[in-house]
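Below you'll find the structure I mean.
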There are 2 protein chains.
Amino acid sequence: MTVSRTATDGAKTQRAGRKEAEDAGIELGELSEMLGYPLKRAQLKIFEDFLRCMAPLQLTPAQFSVLLLLERNPGRNQTEIASTLGILRPNFVAMLDGLEARELCSRVRSANDRRSHHLVLTDKGRAALARAKKLVAAKHEARLNELLGPANRAALVAMLTKIADEF
Amino acid sequence: MTVSRTATDGAKTQRAGRKEAEDAGIELGELSEMLGYPLKRAQLKIFEDFLRCMAPLQLTPAQFSVLLLLERNPGRNQTEIASTLGILRPNFVAMLDGLEARELCSRVRSANDRRSHHLVLTDKGRAALARAKKLVAAKHEARLNELLGPANRAALVAMLTKIADEF
DNA sequence: TATTGTTATACTCTATAACTATA
DNA sequence: TATAGTTATAGAGTATAACAATA
């Protein structure tokens, strides 16, 4: 649990956990056997690395996931996209404002229901997403495969998905 | 990635991701194959369940991890405990204030170095931690074993630890 | 009356700078 | 001068209530 970090790209911040001196022989004890602790630490590491790999495109994991969803599901409205990703509608507004300001996607008022916006990728957004996918595959996911091996990596994703869906 | 939630105990909040209607057939696509997305969702689910199981003791994962560390490593100072857990020292102050106000641990000024505080569990803290461990083992971790099986669960923790330490 | 997008707002986490008291 | 604990503060992320436009 706990655990902090933030390596927006600068890669500064305190190394945390595996610091250096100071924690001269502090024992984690049961903590390392529980799931939550390594799970949280791994999640932070992965997001950190994702940010690093994505630095040239300046996309956060959340923004990347939105673009990916828009590509796969063009023309959906804000409520649909946000709820699929577990983003609350009010919080999705500023996020979309940002993506739209960068011309990566756009809101198109629906003709049928003039309350809702169809969300679509712009050409620029499509291009950025294509580059982003390549960066993630070549740098981020490739390193993962290197560390765990493809079979273990797949097993890991499967177990995490099972927890997310069934726990 | 994205994903939200917060089930401090009330278990309200929108179901997110696996919502109900609205997301009529929205496809996640590559998202489900990447590590970050299921990793984040699993982490939120696990913390949610941890909070639920821990509701009678009102301990967050972070607070639990601090108490566990104090039990295993009595007499360490704030810098040591905080850095081990990846908590920044400034943020650790309010956290300790809370635990001390509930008389679960206490700060003892060091005789050698009057700048630092030895951190120790109180008897009440030791008792709370004992109860907490039982709750986590009986409710939280047991359910995990049920879902994945002990071998898979161990493999999962091993892989996450590897990522946290070596990635 | 219900829903979509939105605003306002608040609370938690995380992060940095700078102070104080010791060393 | 350097370190331990602290204060103040700022920024993300996440949460809820309520409003305008539309259905």
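Side chains included, hydrogens not; waters and symmetry mates left out as well; all remaining heavy atoms used. Just so it is clear: chains get the letters A, B, ... in the order the sequence lines come, proteins before strands, and each one is counted from 1.
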> Can you find an N or O donor on one side and an acceptor on the other, under 3.5 Å apart, linking the side chain of B:R114 with the base of C:dT22?
Replying inline: no
> To the nearest Å, how far apart are B:E48 CD and D:dG13 P?
Replying inline: 19 Å
> Taking the side chain of B:S116 as heavy atoms from C-beta outward, which of C:dT22, D:dT16, D:dG5 is closest to it?
Replying inline: D:dG5
>> Using the side-chain heavy atoms of A:R115, tell me which of these nucleotides is nearest: C:dA2, C:dT22, C:dG5.
In response: C:dA2
>> Using OP1 and OP2 only, check whether a side-chain N or O of B:S110 sits under 4.0 Å from D:dA4.
In response: no
> Could you state the CG-C1' distance from B:L88 to D:dA8, rounded to the nearest angstrom?
Replying inline: 15 Å
>> What is the distance, to the nearest angstrom, from the CG atom on B:L51 to the C1' atom on C:dT12?
In response: 12 Å
>> Just to be sure I understand the rule, does A:N91 reach a base, reach only the sugar-phosphate, or reach nothing, if contact means heavy atoms closer than 4.0 Å?
In response: base
> Is there a chain of hydrophobic side chains (I, L, V, M, F, W, Y, each step under 4.5 Å between heavy atoms) that links A:L121 to A:V108?
Replying inline: no
>> As a test of understanding, state which of B:L129, B:L85, B:N73 forms a side chain to side chain contact (heavy atoms under 4.5 Å, CB included) with B:L68.
In response: B:L129
> Can you tell me how far P of C:dT6 sits from CZ of A:F92, to the nearest Å?
Replying inline: 10 Å
> Where each residue is assigned the nucleotide of DNA chain D containing its nearest heavy atom, which of B:N77 and A:N112 is assigned the position nearer the 5′ end?
Replying inline: B:N77
> Considering heavy-atom distances to DNA chain D, does A:T60 or A:P90 have its closest nucleotide positioned more toward the 5' end?
Replying inline: A:T60
> B:T79 has a side chain; which of D:dT14, D:dG5, C:dT16 sits nearest to it?
Replying inline: D:dG5
>> Rounded to whole Å, please give me the gap between CD1 in A:I87 and C1' in C:dG5.
In response: 15 Å
> At under 4.0 Å between heavy atoms, what does A:D97 touch on the DNA or RNA strands: base, sugar-phosphate, or nothing?
Replying inline: nothing
> What's the CZ-P distance between A:R109 and D:dA23, to the nearest Å?
Replying inline: 9 Å
> Please give, in whole Å, the distance from D:dG13 P to A:Q43 CD?
Replying inline: 12 Å
> Once you round it to whole Å, what is the distance between P of D:dG13 and CZ of A:F47?
Replying inline: 10 Å
> With a 3.5 Å cut-off and no angle check, do the side chains of B:R107 and B:Q78 form a donor-acceptor pair?
Replying inline: yes
> Is the Lys NZ or Arg CZ of B:K162 less than 6.0 Å from the centre of B:F167's six-membered ring, within 45° of the axis?
Replying inline: no
>> Can you see whether A:D49 engages A:H140 through a side-chain donor-acceptor pair at a distance of less than 3.5 angstrom?
In response: yes
